[in-house]
**Student:** 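What follows is a structure written as structure tokens; I'll ask about it next.
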Amino acid sequence: MSDLALPGSIEPALKKGPELDRGFHPLTGVIYLGVVAAALLFVAYSIYVDIDATGTRVTSYLPYILLFVALLIALGFEFVNGFHDTANAVATVIYTRSLPAHIAVVWSGMFNLIGVLLSSGAVAFGIVSLLPVELILQVGSGAGFAMVFALLIAAIIWNLGTWYLGLPASSSHTLIGSIIGVGITNALLRGRDGTSGVDWSQAANIGKALLMSPLFGFALAAILLYVLRSVLVRATPALFAEPVGNQPPPWWIRGILILTCTLVSFFHGSNDGQKGMGLIMLILIGTVPTAYALNRTMPESAIRLFVTNSDAASKVVESKAAGYNVLGNPRPAVTNYVAEHQINEGTFPSLAVLVRDISNQVTQYGSLAKVPAEKVGNTRNDMYLASEALRFLMKDKESDLSAGDVATLNAYKGSLDNATKFIPTWVKIAVAIALGLGTMVGWKRIVVTVGEKIGKTHLTYAQGACAEITAAATIAAADGYGLPVSTTHVLSSGIAGTMAANGSGLQWSTIRNIAMAWVLTLPIAMVISGSLYFVFVHLF
């Protein structure tokens, strides 16, 4: 590598790095484009099969054209996420000469794909729960599509901008900021206080995870390296050495570094890969609700459990609603509670009526697959609305619910979520392919920043391993709790932590620019998405 910086990078590399400019064989490009074409055909065929299974008659192709465009944008976000965030996972194995760059990115892409396929979906719906409930209930409307387009395009714009500058910014921060921007703008357009457009308790939980994870990564990586140096430096001095030229490390060190890279790639896929899944499901629900609004694959045993949990929850809610009557449609009162989070005399009685209505709808048809096409959207909205209301009630001190009441309502909420919050296998496969393909494109800018421009000395084997172990453990823990974290921030802060612990020194110009991107990502993403939503909602 020359001493010249890449366009937009922070400062020239301190010394010759690994070979990053190896060209690809033309056949590689043909195979790559073939995979893209096959993936798009697979998505189209899967949607066709799902719609055909419902017996829906196609009367207009306009919704499907809109669906195709929306899916391309959503998968485009995951593609950009791949080459933006996943580059962090391969930086350590490339700069320790454990794997050649072209092999490392393919290896990482493959395990990102596997991570997505095995993901739980908890992070996906944790992201969706930040969106305004009225837009989720009307996701098939013009405002619903304006929401999805605005937040995805805003996230792509900022991710591409920071990638061009070689800044390891966070796709998680970007998407959260985009969602908050849409929520605030939507509230203002409806004549409400802008702060009412976002579930701030959920935003606070996610914000804490995003804020604490890089600090945790810095500290844990530094402590881990310090402990390893204290225990192993005399027994295995090679572990704390820098690579010699392009010579690979000893086989056992190489194995450790490849394993940690694999784990980071896998857990990145299992966490970051979910961020687009929930939005893709909203797109599918809005355009073809008959196929995707309800989980039509739920077995009869789950339906029986749903009815049992519904009866138990109904008794709890009705006990709180005693003495009050509901006049007319109960849904506006429940929707108002979810939006405002303020209990009034109509909250519990309206929710009690809604719970009974949902139970009647399910028992009437005996299976979600048998719900008539014209009823599917209403049933799904009722279930989602009840689930969100219960989520807030169980945290609301004014609800005066006992521990037993909370357990009963939580079981019922789980049944509601099983019916509405599901991800078809083909969606996971499509996202996995987009993320995996993205990993293999455009990775070099971020890799150079992470590998050369954080510390003042070359990355040692131990530093690379400690940073990767820290990142993998942090992302895995966040995935278990259904919280999104930034692979970028955790890994880059982990490398900074090892440099500090090793006394190597930090390139403060890099740290300053990364920190600036970290601070600016949320507000800028909010402004871009809010502005785009304002424009799109008038266009649609």
Side-chain angles (χ1 to χ4, degrees), residues 1 6 17-40 42 75-119 159 163 166 168 171 243 246 248-249 251 253-273 276 428-452 459 464-465 467-468 471-472 475 487-488 491:
M1 177 165 222
L6 290 168
E19 177 59 53
L20 301 179
D21 298 318
R22 175 174 174 174
F24 284 94
H25 193 279
L27 183 60
T28 305
V30 174
I31 294 173
Y32 191 93
L33 292 176
V35 172
V36 172
L40 293 176
F42 171 72
L75 292 174
F77 166 76
E78 290 297 349
F79 181 85
V80 174
N81 187 9
F83 69 70
H84 192 282
D85 275 19
T86 314
N88 296 276
V90 299
T92 53
V93 290
I94 292 174
Y95 274 85
T96 56
R97 314 306 197 271
S98 299
L99 284 176
H102 65 286
I103 294 177
V105 294
V106 174
W107 180 265
S108 178
M110 182 172 64
F111 279 92
N112 264 281
L113 187 148
I114 295 172
V116 175
L117 294 178
L118 298 180
S119 60
N159 278 345
W163 163 80
S171 295
N246 287 321
W251 67 268
I253 296 177
R254 193 177 192 181
I256 291 172
L257 288 164
I258 293 174
L259 176 62
T260 54
C261 165
T262 303
L263 291 174
V264 171
S265 300
F266 175 83
F267 287 119
H268 174 268
S270 69
N271 191 281
D272 277 42
K428 288 188 176 184
I429 293 173
V431 169
I433 293 173
L435 194 66
L437 291 176
T439 302
M440 303 173 198
V441 175
W443 48 270
K444 187 164 64 175
R445 290 179 184 272
I446 305 298
V447 162
V448 169
T449 298
V450 173
E452 298 182 22
L459 195 69
E468 295 273 19
I475 299 166
T487 304
T488 298
L491 188 60

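Because only heavy atoms are used, hydrogens play no part in the values below, and waters and symmetry mates are left out as well, while side chains stay in. Numbering of residues begins at 1 and proceeds along the displayed sequence.
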**Student:** Can you name the closest pair of heavy atoms from Ala104 and Val90 and give their distance?
**Tutor:**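 Looking at all heavy atoms of both residues, the closest pair is O-CG1, 3.5 Å.
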
**Student:** Using the test ring-ring contact (aromatic ring centres under 6.0 Å, His included), find all partners of Phe266 that sit at least two apart in sequence or belong to another chain.
**Tutor:**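 Residues passing ring-ring contact (aromatic ring centres under 6.0 Å, His included) with Phe266: none at all.
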
**Student:** What is the distance from atom OG1 of Thr92 to atom CG of Leu459, rounded to the nearest 0.5 Å?
**Tutor:**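 The CG atom of Leu459 is 7.0 Å from OG1 of Thr92, to the nearest 0.5 Å.
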
**Student:** Looking only at heavy atoms, which two atoms of Gly269 and Val116 are closest? And how far apart?
**Tutor:**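 Shortest heavy-atom contact: O-CG2, 3.3 Å.
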
**Student:** Could you list the residues that satisfy side-chain hydrogen bond (donor to acceptor under 3.5 Å, both in side chains) with Ser119, not counting sequence neighbours?
**Tutor:**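 Scan of Ser119 (side-chain hydrogen bond (donor to acceptor under 3.5 Å, both in side chains), adjacent residues dropped) gives none.
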
**Student:** Report the C-alpha separation of Val36 and Tyr32 in whole Å, then their side-chain angles, then the decisive distance to 0.1 Å, and conclude whether the side chain to side chain contact (heavy atoms under 4.5 Å, CB included) test is met.
**Tutor:** CA-CA 6 Å; Val36 172; Tyr32 191 93; 4.2 Å; yes

**Student:** Which residues satisfy the side-chain hydrogen bond (donor to acceptor under 3.5 Å, both in side chains) test with Thr96, sequence neighbours excluded?
**Tutor:**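 Checked Thr96 against side-chain hydrogen bond (donor to acceptor under 3.5 Å, both in side chains); matches are Ser98.
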
**Student:** Do Trp107 and Ile258 touch side chain to side chain, with heavy atoms closer than 4.5 Å?
**Tutor:**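 Yes; the side chains approach each other to less than 4.5 Å.
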
**Student:** Please enumerate all residues that pass side-chain contact (heavy atoms from CB on, under 4.5 Å) together with Ile433, with sequence neighbours excluded.
**Tutor:**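 By the side-chain contact (heavy atoms from CB on, under 4.5 Å) rule, Ile433 matches Val35, Ala39, Leu113, Ile429, Leu437.
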
**Student:** On a heavy-atom basis, which atom in Ala465 and which in Leu257 lie closest, and how many Å separate them?
**Tutor:**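 In terms of heavy atoms, the two residues are closest at N-CD2, 3.4 Å.
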
**Student:** Going from CD on Glu468 to OG on Ser265, what distance comes out if it is rounded to the nearest 0.5 angstrom?
**Tutor:**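 One gets 7.5 Å once the value is rounded to the nearest 0.5 Å.
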
**Student:** Using the test side-chain hydrogen bond (donor to acceptor under 3.5 Å, both in side chains), find all partners of Trp163 that sit at least two apart in sequence or belong to another chain.
**Tutor:**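 Counting only residues at least two positions away or on another chain, Trp163 forms no side-chain hydrogen bond (donor to acceptor under 3.5 Å, both in side chains).
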
**Student:** Between NZ of Lys428 and CG of Leu435, what distance do you get to the nearest 0.5 Å?
**Tutor:**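 Between atom NZ of Lys428 and atom CG of Leu435 there are 14.0 Å.
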
**Student:** Is a side-chain donor or acceptor of Asn112 paired with a backbone partner of Ser108 at a separation under 3.5 angstrom?
**Tutor:**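 Answer holds: yes.
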
**Student:** Can Ile114 and Phe111 be said to form a side chain to side chain contact (heavy atoms under 4.5 Å, CB included), step by step?
**Tutor:** CA-CA 5 Å; Ile114 295 172; Phe111 279 92; 4.0 Å; yes

**Student:** Can you list the steps and then say if Ile94 with Leu99 is a side chain to side chain contact (heavy atoms under 4.5 Å, CB included)?
**Tutor:** CA-CA 6 Å; Ile94 292 174; Leu99 284 176; 5.9 Å; no

**Student:** Going by the rule side-chain contact (heavy atoms from CB on, under 4.5 Å), which residues pair with Leu263 if we only count those two or more places apart in sequence or in a different chain?
**Tutor:**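 Leu259, Phe267, Ala472.
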
